[in-house]
Structure formats: structure tokens, C-alpha cells
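Here is the structure we will look at.
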2 protein chains.
Amino acid sequence: MPAPERTTLEAIVDAGVAILEAEGIDGLTMNAVAARVGVKAPSLYKRVRDRDALLRLVANALARSLTERLAAADPTLPALARAFREFAHDKPAAFRLIMSPVADPEVLAAASEPVLRLARDLAGDRDALPAARLLTAWVVGFVTMELSGAFRLGGDLEDAFAYGLARLERAIA
Amino acid sequence: MPAPERTTLEAIVDAGVAILEAEGIDGLTMNAVAARVGVKAPSLYKRVRDRDALLRLVANALARSLTERLAAADPTLPALARAFREFAHDKPAAFRLIMSPVADPEVLAAASEPVLRLARDLAGDRDALPAARLLTAWVVGFVTMELSGAFRLGGDLEDAFAYGLARLERAIA
DNA sequence: ACCTGAACACCGTTCAAGT
DNA sequence: ACCTGAACACCGTTCAAGT
């Protein structure tokens, strides 16, 4: 009846984050996570309902780290957009997981708070919400297409990003 | 040595499209596809390298049907954006597959041709490419976030869509 | 020349049996 | 009270054997 705990939920989620980074989403198996925390796969089910729940926890943890990055950035449109884009370049698998339907929308919403504040400044109270949605939709779409190689027609992506930034800033004011 | 062909690549891809629609990406197994075309799973490997290659073929077929829808829409920003968004609402699993890295970028590029033509009209030759990228990034991001439930702060999504449309049209001109 | 059963390595998940 | 081996149902994939 001694009941030694050989791992924790936190260690499991951390392992998931690390494996996602190193091996991609397909490498994020229950077996791989278990091995990394020093346990056998069935033990994970004491702390996590199933693999989907684990993916959700990992996605939420990563969304929180994105939120931190955005909160630490200058509260200007270029700085926020660049911080967002940098995160996606740093951790593409994490970005895709965060943007997938497995992530918790309310956790993700926290990440958009700096953008909402900025939108309020630029567009006023009345248009703050749709303005924030215009900005976030653009940056999410830009980065998504960039990561999946969808920008194929040549041209300079940095130019296109700067162009979008400049036009949106004017469009919202 | 009679060599009866019991299926074709086309039938296999069609089956993949139908199963994706009905069962989602996780239901799109080699077994399910084989059963639908009336064959056993190992036979699929005569016509398709592996499951990833099949997913790519399915994604490309769906990207082509998106291209057709866009080509058939009025060549205005609202009409193109709404046609795009409608496709995503009609076939969310298809949309996600098309936007995932498994799709062939060059096939996807064909879908953006009407947008590029429109951007040329609105923004002129010089800015056509970045303007098209601004428009497509926005609509891709908007629909992606919509489908994953990321727009959580209430408000009217239709308003937000119309707002983005109006501001972008002005921003590009 | 295509199709298939059998086999392999690997999944996620459950559960009785250990401590 | 947690951990594990064994088992189950299911994957994707290969390949020898059928026709």
C-alpha cells in the first residue's frame, strides 16, 4: 500500500511539449511521453483521460507561452505581429497545434488581449472587436500560409508582411 | 495471367474525398478507402505510394474544387471572400486538409488566381502581389479561427467579416 | 498484372494483478 | 494508490502466394 508517484501531470505535459518540438505531432505518442517521464504508457491514464486530452493540455501550455511572448512585446502593431510570427517560426508544430481545433478557445483568447487593447487605441471602443479580429485573422492566415508553403508566386515575403502591416494600420485608424 | 483491375486511382481518390467528408480525417484509413472501392487495403499500394500520398491527392482534388468555386464567383472582393468562406463552412475537414502542409502548394496557388486578378485591379500592377497576399491571408485566417472556435469574445461574426471586407477594400485601393 | 491472406511493427486503451 | 504486463482492437505497410 505504499503508493509511490513516479511522475506528475506537469511532467507529462512538459514531456509532450518537448516531444512535439523534437519529433512533431506524429511522434507525440503515449509511449514516447511515458518513456520520457520514466513510466509505462498505461500509467499515463491515471492522470490524463486519453491522448486527445493530453494534446489539449499541451496546446494550452503552448498557447500560454505564446501569450507571454505577446504580453512582453511592445504594444504596437508591428511589434505584436512580429512577435507572433517569430513564435510560429520558432515552433511551427506548436503553432499548428495551437491553431487546430484541439486547443481550448478560451486559453487562446488570452493571447489576443494585447491585440484587443491595441485595436481599442487605434480604432476606438466601437470598432475595437472587429478591428482586433481583422488584425489577428490576417496574421494567423499569413503565418499559416507561410508555414504550409502556400505563398508560391515568388516576391518577397518580408515585403508582403510589411505591406500588410502598413495597410492594416491605416485601415483601422 | 488475366489481370482484372478492380479499381482505379480516380475511384480511390473519390472514395477518400467522400470518407473525409463523412468521417473526418481520422476516419480516412487505408482500410476504409479500400472497402469503399471494393478491394483489400494492400491493393491500394499498387496505385498509391502510402497514406500520405493519398492524402495529398485528396487535398489536391479538393483544392481544385475550391478553385472552381472561386472561378465561378463574381470577381469582386465580397463575392470571392464569401465563396471561400462558404466552401470552408460546407466542408470544414476538406478546408483544413487543403490548408495543411500536406497539400501541394502549386495546386493551391491556382485557387488564388481570381484574387490576384482582383488585387491587380484594385491595387495596380506594382502592389498586386502583396495586396493579394493581404486579402488571402485575412480570409484564410478568419475562416481558420472561425472553424476552430477561436473567436470567443462574443460580438457578431458577420459584422466582423463585413468590417474586414470593407476596410481591406479601402486599404488596398 | 493485379489481388489477397498472413504477418510485422506499431498504435491507443483497458484491466486484472502486483506492490 | 499508483504501476505494470498482458491483452484487445485497430492502424499502415510488406510480401509471398494465388489467379
Side-chain angles (χ1 to χ4, degrees), chain A residues 1-62 93 96-97 100-104, chain B residues 1-62 93 96-97 100-104:
Chain A
M1 313 63 164
E5 314 209 349
R6 291 214 229 276
T7 186
T8 63
L9 182 57
E10 200 195 348
I12 289 169
V13 174
D14 287 352
V17 168
I19 292 168
L20 179 68
E21 177 95 22
E23 316 286 345
I25 188 76
D26 288 342
L28 186 32
T29 67
M30 298 304 271
N31 236 314
V33 172
R36 186 171 245 263
V37 300
V39 108
K40 301 293 178 183
S43 298
L44 298 179
Y45 293 85
K46 283 282 149 178
R47 302 200 158 65
V48 139
R49 179 191 215 87
D50 55 21
R51 182 172 179 266
D52 270 4
L54 176 53
L55 287 182
R56 210 169 47 99
L57 290 169
V58 170
N60 288 348
L62 290 165
R96 274 191 283 261
L97 183 61
S100 82
V102 357
D104 256 336
Chain B
M1 310 65 163
E5 314 209 348
R6 292 216 226 273
T7 186
T8 63
L9 181 58
E10 199 195 351
I12 289 169
V13 174
D14 286 352
V17 168
I19 292 168
L20 179 69
E21 177 95 21
E23 316 286 345
I25 187 78
D26 288 342
L28 186 34
T29 66
M30 298 303 271
N31 236 312
V33 172
R36 186 172 245 266
V37 300
V39 108
K40 301 293 176 182
S43 298
L44 298 179
Y45 293 84
K46 282 282 149 179
R47 302 201 157 64
V48 138
R49 178 191 216 88
D50 55 20
R51 182 172 180 266
D52 270 5
L54 175 53
L55 287 182
R56 210 168 48 97
L57 291 170
V58 170
N60 289 348
L62 289 166
R96 274 192 283 262
L97 183 62
S100 81
V102 358
D104 256 337

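The sequence lines fix the lettering, A, B, ..., with proteins before strands; numbering per chain opens at 1. These values consider heavy atoms only, across backbone and side chains, with no hydrogens, waters or symmetry-generated copies.
DNA chain C lies under 4.0 Å from at least one heavy atom of each of the following residues of residues 6-21 of chain B: B:R6, B:T7. Residues from residues 52-62 of chain B lying near DNA chain D, meaning a heavy-atom separation below 4.0 Å, are absent. For the segment residues 31-49 of chain B, the set of residues with a heavy atom within less than 4.0 Å of an atom of DNA chain C comprises B:V39, B:K40, B:P42, B:S43, B:R47, in numerical order.
One interatomic measurement links the two molecules: CD of A:E23 to P of C:dC10, which rounds to 14 Å at whole-angstrom precision. If you take CE of B:M30 and P of C:dC11, they are 18 Å apart, rounded to a whole angstrom. If you take CZ of A:R51 and C1' of C:dC10, they are 13 Å apart, rounded to a whole angstrom.
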Under 3.5 Å, sequence neighbours excluded: what are the donor-acceptor pairs made by side chains of residues 9-25 of chain B?
none

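Annotation: side chain to side chain donor-acceptor pair (under 3.5 Å) contacts involving residues 45-58 of chain A, sequence neighbours excluded, comprise A:E5-A:R47, A:R56-A:D104. Counting only residues at least two apart or on different chains, no side chain to side chain donor-acceptor pair (under 3.5 Å) pair has a member in residues 24-39 of chain B.
Closest approach of A:A32 to A:G27, counting heavy atoms only: CB-O, 3.6 Å. The two residues B:T7 and B:V37 have their closest heavy-atom pair at OG1-CB, 3.6 Å.
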Which nucleotides of DNA chain D pair, in dot-bracket form (Watson-Crick or G-U under 3.5 Å, | meaning another strand): ||.|||||...|||||.||
